[in-house]
Amino acid sequence: QVQLVESGGGLVQAGDSARLSCAVSGRTLNNNYAMGWFRQAPGKEREFVAAITWGGGFTYYTDSVKGRFAISRDEAKNMGYLQMNNLKLEDTAVYYCAADHQPAGPDYVESYYYSPTVYDYWGQGTQVTVSS
């Protein structure tokens with residue numbers, strides 16, 4: 001049983017910053033998993049936001065958040081983070097963290113991380129609402 005729990009969402013003003021956290025718990029055998037963040041706005045498909053490989057060697061971002069968001073992880077604490085700066089109205093969505101177990105190692109091409117179907121575990125989501 002593996003559980004992911006997001007926190008840090010809420011109501012923020014455009015231009016402000018927020019940091020989302022993702023706590024991983026349960027029977028995790030090792031830290032060999034990639035972490036991703038996705039978001040879903042009302043009436044929209046779930047959208048890839050960012051991902052980080054296990055070990056933190058590589059990070060990937062969708063174009064709309066490059067330069068504003070930063071994904072990171074603290075494997076010793078089983079925590080993942082999404083720092084969001086200069087938030088915009090269009091960032092409003094439910095944000096989900098996800099984990100993809102990769103026992104063989106982080107040898108995947110970037111596009112692999114874009115699809116939500118490759119992730120094994122998901123959190124319940126946290127609402128981020130950006131207001132003007």
Side-chain angles (χ1 to χ4, degrees):
Q1 302 284 355
V2 176
Q3 183 177 353
L4 280 64
V5 179
E6 304 96 335
S7 62
L11 179 64
V12 297
Q13 191 166 345
D16 285 355
S17 298
R19 188 180 73 163
L20 304 182
S21 299
C22 178
V24 182
S25 62
R27 292 195 290 272
T28 302
L29 298 179
N30 53 54
N31 292 321
N32 295 350
Y33 57 89
M35 296 195 69
W37 287 91
F38 291 76
R39 65 187 181 187
Q40 187 168 17
K44 304 292 185 180
E45 296 293 317
R46 188 166 298 188
E47 175 192 23
F48 170 77
V49 177
I52 185 168
T53 59
W54 66 259
F58 298 92
T59 58
Y60 309 105
Y61 301 92
T62 191
D63 286 344
S64 63
V65 308
K66 287 181 179 178
R68 298 190 298 120
F69 289 13
I71 188 171
S72 62
R73 66 192 300 170
D74 186 337
E75 294 185 348
K77 297 180 179 180
N78 286 331
M79 295 289 295
Y81 304 97
L82 183 68
Q83 178 68 42
M84 305 183 295
N85 299 321
N86 191 25
L87 283 161
K88 303 177 179 180
L89 294 178
E90 53 264 41
D91 294 320
T92 295
V94 177
Y95 284 72
Y96 300 88
C97 66
D100 178 32
H101 191 221
Q102 300 175 344
D107 191 15
Y108 296 84
V109 297
E110 179 179 348
S111 60
Y112 170 87
Y113 299 93
Y114 297 171
S115 175
T117 63
V118 308
Y119 293 87
D120 302 297
Y121 309 104
W122 291 84
Q124 292 293 316
T126 185
Q127 177 72 47
V128 175
T129 302
V130 183
S131 67
S132 60

*Checking Q40 side chain against A93 main chain: does a donor-acceptor pair fall under 3.5 Å?*
no

*Which atom names give the shortest non-hydrogen contact between Y119 and A51, and what distance separates them?*
OH-CB, 3.8 Å

_Taking Y113 as the starting point, is it possible to reach V65 by hopping between hydrophobic residues whose side chains are less than 4.5 Å apart?_
no

*Which value, rounded to the nearest 0.5 Å, describes the distance between D91 atom CG and T129 atom OG1?*
11.0 Å

_Evaluation steps, side chain to side chain contact (heavy atoms under 4.5 Å, CB included), between V2 and H101_ = CA-CA 11 Å; V2 176; H101 191 221; over 6 Å; no

*Walk me through it: do R73 and V24 pass the test side chain to side chain contact (heavy atoms under 4.5 Å, CB included)?*
CA-CA 11 Å; R73 66 192 300 170; V24 182; over 6 Å; no

*asked:* For the CD atom of Q102 and the CG atom of D120, what is their distance to the nearest 0.5 Å?
replied: 8.5 Å

*Say you draw a straight line from SG of C97 to CZ of R39; how long is it, rounded to the nearest 0.5 Å?*
15.5 Å

*asked:* Does the plane of the ring in Y60 sit parallel, tilted or perpendicular to the ring in F58? Use 30° and 60° as the thresholds.
replied: parallel

*Determine whether the side chains of D100 and Y112 contain a donor N or O and an acceptor N or O closer than 3.5 Å.*
yes

*May I ask whether L87 and I71 are part of the same hydrophobic cluster, defined by side-chain heavy atoms of I, L, V, M, F, W, Y residues being less than 4.5 angstrom apart, directly or through others?*
yes

*Does Y108 reach the side chain of T53, with side-chain heavy atoms less than 4.5 Å apart?*
no

*State, yes or no, whether a side-chain contact exists between S21 and M79 at a heavy-atom distance under 4.5 Å.*
yes

*Establish whether L20 and L4 are linked, either directly or via other cluster members, by ILVMFWY side-chain heavy-atom contacts under 4.5 Å.*
yes

_Atom CD of residue position E90 - does it have more than 12 heavy atoms of other residues, nucleotides or ligands inside 6.0 Å?_
yes

_Same apolar cluster (I L V M F W Y, side chains within < 4.5 Å links), M35/L82_ = yes

*W54-V109 co-clustered via ILVMFWY side chain contacts under 4.5 Å*: no

*Return the orientation label for the Y114 and F48 ring planes: parallel under 30°, perpendicular over 60°, tilted otherwise.*
tilted

*Is the shortest heavy-atom distance from the side chain of Y61 to the side chain of R68 under 4.5 Å?*
no

*Is it the case that more than 12 heavy atoms not belonging to Q127 sit under 6.0 Å from its CD atom?*
yes

*What is the ring orientation for Y95 with F69, classed by angle as parallel under 30°, tilted 30 to 60°, or perpendicular over 60°?*
tilted

*Tell me whether the centres of the aromatic rings in Y121 and Y33 are closer together than 6.0 Å.*
no

*When you look at W37 and E6, which way does the side chain to side chain contact (heavy atoms under 4.5 Å, CB included) test go after all the steps?*
CA-CA 10 Å; W37 287 91; E6 304 96 335; 4.0 Å; yes

*Show the numbers, then the answer: is there a side chain to side chain contact (heavy atoms under 4.5 Å, CB included) between M84 and V128?*
CA-CA 10 Å; M84 305 183 295; V128 175; 4.0 Å; yes

